[in-house]
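Keep in mind that what you see is a predicted model, and the values were worked out from it rather than measured.
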Amino acid sequence: MISLFLRGVVLGVAIAAPVGPIGLLCIRRSLTYGATAGLLSGLGAATADGLYGAVAAFGLAFVSSFLTDQARWLGIIGGLFLCYLGITTFLSKPADKPAEISKTGLAGAYLSTFGLTLTNPATILSFVLLFAGFAPTDLDYGQAVIMVGGVFLGSALWWLMLSSGVSRLRHWLTPGRLIWINRVFGVLITAFGVVALSWRS
């Protein structure tokens, strides 16, 4: 059981660690709003990772089939949302000091990354391939639950380390530096959205 849990943790870190649009959002929100906003952004992605891990671990073929069938539309939705986030990030005006975020904003940080991760069906293919090579093929229900729990924890731990580490740079922010951070991150996030839309077209 411990071995399965640790395997799940490694899988969770492996899925979360590559820097993509979610990583950029987490970094930007950690810099702008602090570690809590960055962490909740990461936890949204970690929750979606856990759901996809459950699909792979429990062999929910009908869910996998539905996601595959709807991959084009899910990709379009995710790509458009990324473009929206990128443009609003690029155009956002820096404040005189790092901004505080409301409870509603914190909920939005979580839900936005949760939705973005779910609208990327390629994630489930990654889980299926990783589970095929890294997990036993004869998992029972209890073992699958333990491994999926490890996946969520591994992903969450990565986002915790990233958001807390990046938030320590908040003291370095000035309005001039922040506007360039917004522009660079806005362009990169929009580019991810355009690539997603191009791939789905």
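- Across all their heavy atoms, V148 and G50 have their closest contact at CG1-O, 3.5 Å.
- Atom CZ of F152 and atom CG of L157 lie 9.5 Å apart (nearest 0.5 Å).
- F114 meets the side chain to side chain contact (heavy atoms under 4.5 Å, CB included) test with T47, A48, L51, L118; sequence neighbours excluded.
- At a threshold of 4.5 Å between non-hydrogen side-chain atoms, the residues S41 and I22 do not count as touching.
- Side-chain atoms of S163 never come within 3.5 Å of backbone atoms of G38 as a donor-acceptor pair (strictly under, hydrogens ignored).
- For the pair Y52 and V151, the minimum side-chain heavy-atom distance is 4.5 Å or more.
- With sequence neighbours excluded, the residues forming a side chain to side chain donor-acceptor pair (under 3.5 Å) with S112 are R29, listed by chain and number.
- The structure places OG1 of T113 at 8.5 Å from CG of L40, a figure rounded to the nearest 0.5 Å.
- Atoms CG and OG1, from L106 and T36 in turn, are 6.5 Å apart once rounded to the nearest 0.5 Å.
- Rounding to the nearest 0.5 Å gives a distance of 8.0 Å between CG of L39 and OG of S30.
- Not counting sequence neighbours, the partners of S155 by the side chain to side chain donor-acceptor pair (under 3.5 Å) test are D49, W159.
- The minimum heavy-atom distance linking L162 with C26 is given by the pair CD2-SG, 4.0 Å.
- We find the CG-CG distance between L111 and L116 to be 11.0 Å, quoted to the nearest 0.5 Å.
- For A109 against A37, the heavy-atom pair with the smallest separation is CB-O, 4.1 Å.
- Contact record, F5 with I146: CD1-O, 3.6 Å, taken as the closest heavy-atom pair.
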